[in-house]
Amino acid sequence: MSDIVYIGQDDPEIRLFESQYKVPYGMCYNSYVILDDKIAVMDTSDQRTVASWKESLAKALGGRKPDYLVVHHLEPDHAGGIAEFLALYPGAKVVCSARAAQMMPQFFPSTDFSANVIPVKEGDTLSLGRHTLRFFMAPMVHWPEVMVSYDDAERVLFSADGFGKFGTRGADPDDWACEARRYYFNICGKYGQPVQTLLQKVAALQIDRILPLHGPDLEGEALAEALRLYGIWSSYGVEAEGVFVAYASIHGCTAEAAGRLADIIRAKGVKVSVADLCRDDQAEAVEDAFKYGKMVLAASSYDGGLFPPMFDFLHHLQIKGFQKREVALVENGSWAPVAAREMTKMVAEMKDVAIKGQTVTIRGRLKESDVPALEALADAIIGS
């Protein structure tokens, strides 16, 4: 029987995580208690759910008092209850990285933690009795103060935001990868190398379960698949063969050209995913851009530049570290098409992203005379 008790909280009502990512299935904030000779509480919760978290904590403790609060990540959705925890249990010690100890007053300016905080470093251990926690620093996964911990008794990795996903605890239990991928590339996408470093640190550990700060616990085949995907994602590898067509269309003309190109590519036996950047979830578009190795960007010219939805999308790819991909361009402009010029500038700032084929320029509505150029562009991007 496990000594690790779940006290995390579902937040089914939240609709924007970090005030920007759509979460139609809500969010969960995972927290655990390790019941041993000494008791360790693993992280707290978001302020939205701290009241119910405290109730779950008290129930798990069964009248005992905790000795430690382990803070793996100081972001408010996981550390929102630190001050209230110490108000309830003033004798408890807060175990965290040295950087977290430095940053804590930024989030709790009216609370003095100096007598409670125990900073730990790489390889330090904390004995609870049967359980011993070993700490590994994970800076920039995805904040500088992050650490993870490994419990050798039950061979559990507490992985902070690593291996997390959007959604409440029970949302989409059979399709972890979909929302985990959207979560990873939008939250951690820029930090592939730090994630690789963490994966290398824990590679020698015998891990039976991964307990992330968001999403379900991972074990068995689900754990193996998560490790496989994280290896691909953090190295910016190609997860799936196919072409992602992302378009930004003002009056539907560019959308028509993008749809025709997608049909041409499908007819050649290649999988295609399509996103309307004006209407579809941008975080999902970012996810698909990283999932596939090839992408077509189709956009209208606008105010002597690039239609803003495409600009916003490419800006997001830039700041998330988009790289190691092939791209083809379609532009539209009735009198002064310049979208391709602006897209080329933005793509040029991305690492190892090559533009393939000859840019297709549409003037107004798609015409049959434009189709041969789309056929040639399809061949260029799929490599035939």
Check for a donor-acceptor pair, side chain of Tyr21 on one end and backbone N or O of Asn186 on the other, with a separation under 3.5 Å. yes
Using a 3.5 Å distance criterion without hydrogens, assess whether the side chain of Thr254 forms a donor-acceptor pair with backbone atoms of Ser249. no
Flag the pair [X] / [Y] as yes when their ring centroid distance falls below 6.0 Å, and as no otherwise.
| X | Y | answer |
| --- | --- | --- |
| Tyr32 | Phe158 | yes |
| Phe244 | Tyr292 | no |
| Phe163 | Tyr184 | no |
| His214 | Phe166 | no |
| Phe322 | Phe290 | yes |

Parallel, tilted or perpendicular: rings of His315 and Phe311 (30°, 60°): parallel
Aromatic ring pairing Tyr302/Phe307, orientation class (parallel under 30°, perpendicular over 60°, tilted between): tilted
Do any pairs count as a salt bridge (Lys or Arg N to Asp or Glu O under 4.0 Å) and have a residue in residues 44-53, sequence neighbours left out, and if so which ones? Asp11-Arg48
Heavy atoms of Ala138 and Val148 approach each other most closely as CB-CG1, 4.4 Å
Taking all non-hydrogen atoms of both residues, which atom of Cys188 and which atom of His142 are closest, and how far apart? SG-CB, 4.2 Å
